[in-house]
Amino acid sequence: MQARKRYTLVLLSGVLLLLFYYGGLHMLYNEDRGNIGHTLAKLLRPYIDTVDDFDIHHVSSRTRREDKTKLYKGRKCRMETCFDLSRCRTGFKVYVYPDESNLISQAYKKVLGALRDSRYFTEDPNEACLFVPSIDMLDRDKLSSDMVHDAQTRIENLPYWNSGRNHLVFNLYSGTWPDYAEDLGFDLGQAIIAKASFTKQYFRPGFDISWPLFPKTHAQRGGTRGELQTNNFPIQRKYLLVFKGKRYLFGIGSDTRNALYHLHNGQDIILLTTCKHGKDWQNHKDARCDHDNAEYDKYDYQVLLHNSTFCMTPRGRRLGSFRFLEALQAGCIPVVLSNGWELPFSEVIDWNSASIQGDERLLLQIPSIVRSITDEQILRLRQQTQIVWDAYFSSVDKIVDTTLEIIRARVEKQLARESYVWNSAPGALVVLPGYADHLAAFPFFTLSTGTQPSAKFTAIILAKSPIVSQSSPIMKLIKNVAHSAFVAQIVVLWNVERPLPPKSKWPSINVPLTVVEGDSKSVGSRFMPLSVVETDAILSLDDDTIITTEEVEFAFHVWQSYPDRIVGYPARTHYWDESKSTWGYSSKWTNEYSIVLTGAAFYHRYYHHLYSNYVPLSAREYVDDVNNCEDILFNFVVAHITHLPPIKVTQKKQYKDVALGLASVNTPAGQWTSPSDFNSRQLCMNIFVNAFGYMPLVRSQMRLDPMLYTDPVSILRKRYPKMEQFVADIKPKT
């Protein structure tokens, strides 16, 4: 009897051990798949990778299978299998079908406008690599008034559809109540889809593009700058973690937001929800609604947003949320709670450096996670939110351009930018592929890569007046520049209607002198890339500029410390005229300036490539039409890229008086001071603001002088002794 009990006990123990063994392995396996066991050192990495058997939408498996079959018949599509790369042999061009109806939402009009303004746009479908339907697919919610109901018929009638091959479709809202499944209501075929609220389950890596969810009011171009422009402090803001938004009482997306009140402490964690939305919310309200609504009304959303270190961005009905972009713009680090969401542009943006990615199932751990993040990590994360916002999300134009650049990198892999470029200021959109194969060649990466700026410069002189004699201003200018020890060559851009002077007419100097006759006589031609220029540093000069060798060398030394800026002498400023509701242009000698005229300025030659390939075509065409304002537009470009002002260096004492004294209405200097020219340049400025979508110029009060320049000490002790002397053959007119 005792033996039987012992055998029974041993048998039961063995069964329990087996159950524990296999059950424990299964639990460990799931834990590993869920990536739950993170250490503190990996807090900035995604907290969980959603697994396939996690029911993202909380709908039946049958419904999910039907949606998957209907929506993604090309589930296995990749660029190699569903994209005809042979169409792109002549270059990456994008064709947009003509608008055939008025059924286009304001948001999609912005998307189509950005595509047509892109440098890749073509009106010829025969040279197109990528096709974009003008049929509005942004909103595929059947309950929305913006939904196009005959999409299947219309898309199949597109002349180049070819089952969606080489086509790009945009979507912000898919599915409808109650499950908000990913049904677009038509057969996508082999088309690429740029879609907001993309799930990892349906996302086709290397083929589809995850899009941000942005409102209808999102800026077409330019957009609002990130809030964190000048001050990163205090690192820890008034609130640690905030959220203010809708709470869903039932249905998909309700679980996480319904549980946020558990974390709200009314002190440094402010998580507010309201159920006061929808027509019949009172018929469904629960016991917490009245209290939540009262608490909700106590706080202003914008105040919370701009005074919090972290911003909770939980999923709504769909995985994406408007709160995500709002947090980025405000410099509030997003804490993403949306399991299975493929974050926007995840192919190129390192979201681990700009957000905290949590797990909806571990909601109660969020406060301890964000409290454990150090000030140093917070500062890095916050700065990165501003980089990605300004570079890729602040306008519809940038969102569309980023989409095109990602696809282009897949087509022309040799021109793909590296991850560092995508995730560093000023971003990949302004790093034009094909210019150089190393980062140090770009002005904004020169110093950060430990590279010394160019040791020599090329002077480009814009000749606008014929040469009358050897005493002409341009002759003296060439000689003064040639005396510099840092000049590599001098290039004269001949923009005069008369024939080129013979070689014997030009002065004999000890550096190469090249005269180039431009194809266009427009003043904008001075910023066209020239193959003869081999140095990164360019000294741009007008033919009537009065400048000494020492002034040239001092400005060059300053530029070497700021290779991404315009460094020069004559400065101007802009201002807002409240009475006329317009931007004004001023040449008054004040403490502030925002423009350095390119009649005497150093800058990096890469900006020539940006001017000719990146600047809005409408702005460049306007400069050519009026034959003026090219220097203002050039300042717009550099300020738009760097978000920094130019740098003014101080010229010799009498420069101001002489320049004004010598000026006449028949000279460029005189035209600068004429009332009609000021009116013209003021009009230019407002046209450029419209083209860029905002005012990019930045004011500054900084002026750089050489050491001991203005001190009453011996000339022998000064590095630039002649800058305080004034030598002129022609005295100012009285």
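Note: hydrogens, waters and symmetry copies are ignored here, and every other heavy atom, side chains too, is used.
Looking only at distances, no side-chain donor or acceptor of Arg204 sits under 3.5 Å from a matching main-chain atom of Cys77. Under the 3.5 Å distance criterion, the side-chain polar atoms of Thr273 are left unmatched by any main-chain donor or acceptor of Gly245. Checked by atom type and distance alone, the side chain of Asn171 never pairs as donor or acceptor with a backbone atom of Lys195 at under 3.5 Å. Judged by distance alone, the side chain of Asn423 and the main-chain N or O of Val348 form a donor-acceptor pair under 3.5 Å.
Judged by distance alone, the side chains of Asp146 and Ser105 never bring a donor and an acceptor atom under 3.5 Å apart. For the residue pair Asn162/Gln190, the side-chain donor-acceptor check at 3.5 Å is not satisfied. With no hydrogens or angles considered, no side-chain donor-acceptor pair links Asn157 and Thr153 at under 3.5 Å. For the residue pair Gln384/Ser353, the side-chain donor-acceptor check at 3.5 Å is not satisfied. Between the side chains of Asp292 and Thr274, not a single donor N or O lies within less than 3.5 Å of an accepting N or O. There is a side-chain donor-acceptor pair under 3.5 Å between Tyr694 and His640.
In this structure, Trp389 has no side-chain hydrogen bond (donor to acceptor under 3.5 Å, both in side chains) partners at least two apart in sequence or on a different chain. When the ring pair (Phe, Tyr, Trp, His ring centres under 6.0 Å) test is applied to Phe243, no partner is found at least two apart in sequence or on another chain.
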When you look at Glu295 and Tyr261, which way does the side chain to side chain donor-acceptor pair (under 3.5 Å) test go after all the steps?
CA-CA 11 Å; Glu295 192 76 4; Tyr261 78 98; over 6 Å; no
Evaluate Val94 against Ile407 for side chain to side chain contact (heavy atoms under 4.5 Å, CB included), listing each step before the verdict.
CA-CA 11 Å; Val94 180; Ile407 298 175; over 6 Å; no
Go through the steps for Phe345 and Phe393 under the test ring-ring contact (aromatic ring centres under 6.0 Å, His included), then give the verdict.
CA-CA 10 Å; Phe345 303 138; Phe393 297 108; 5.5 Å; yes
Going through the distances and angles, do Arg119 and Glu405 end up as a salt bridge (Lys or Arg N to Asp or Glu O under 4.0 Å)?
CA-CA 11 Å; Arg119 65 179 180 273; Glu405 292 297 341; 3.0 Å; yes
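Under the 4.0 Å criterion applied to side-chain N and carboxylate O atoms, Arg318 and Asp141 are assigned as salt-bridge partners. A salt bridge links Asp286 to Arg247: one of the charged nitrogens lies within less than 4.0 Å of a carboxylate oxygen.
In this structure the side chain of Leu328 never reaches within 4.5 angstrom of the side chain of Tyr392, judged on heavy atoms. Side-chain atoms of Val111 and Leu115, non-hydrogen and from C-beta on, do get closer than 4.5 Å to each other.
Smallest separation of non-hydrogen atoms from Asn126 and Arg87: O-NH2, 4.0 Å. Across Gln357 and Asn352, no two heavy atoms sit closer than the pair NE2-OD1, 3.3 Å. Heavy-atom minimum distance, Pro344 versus Trp351: O-NE1, 2.7 Å. Across Trp161 and Tyr97, no two heavy atoms sit closer than the pair N-OH, 3.7 Å.
Ring geometry for His167 against Phe131 counts as parallel: the plane angle stays under 30°, on a 0 to 90° scale with 60° as the upper cut.
For Glu123, the CD atom counts as loosely surrounded, since its 6.0 Å shell holds 12 or fewer non-hydrogen atoms of other residues, nucleotides or ligands. Remark: Lys285 NZ is packed, more than 12 non-hydrogen atoms of other residues, nucleotides or ligands lying under 6.0 Å away.
The side-chain tip of Arg317 points at the ring of Tyr248 from less than 6.0 angstrom away and within 45° of straight on. Remark: Arg154 is not positioned above the aromatic ring of Phe186, lacking an NZ or CZ atom under 6.0 angstrom from the ring centre and at most 45 degrees off the axis.
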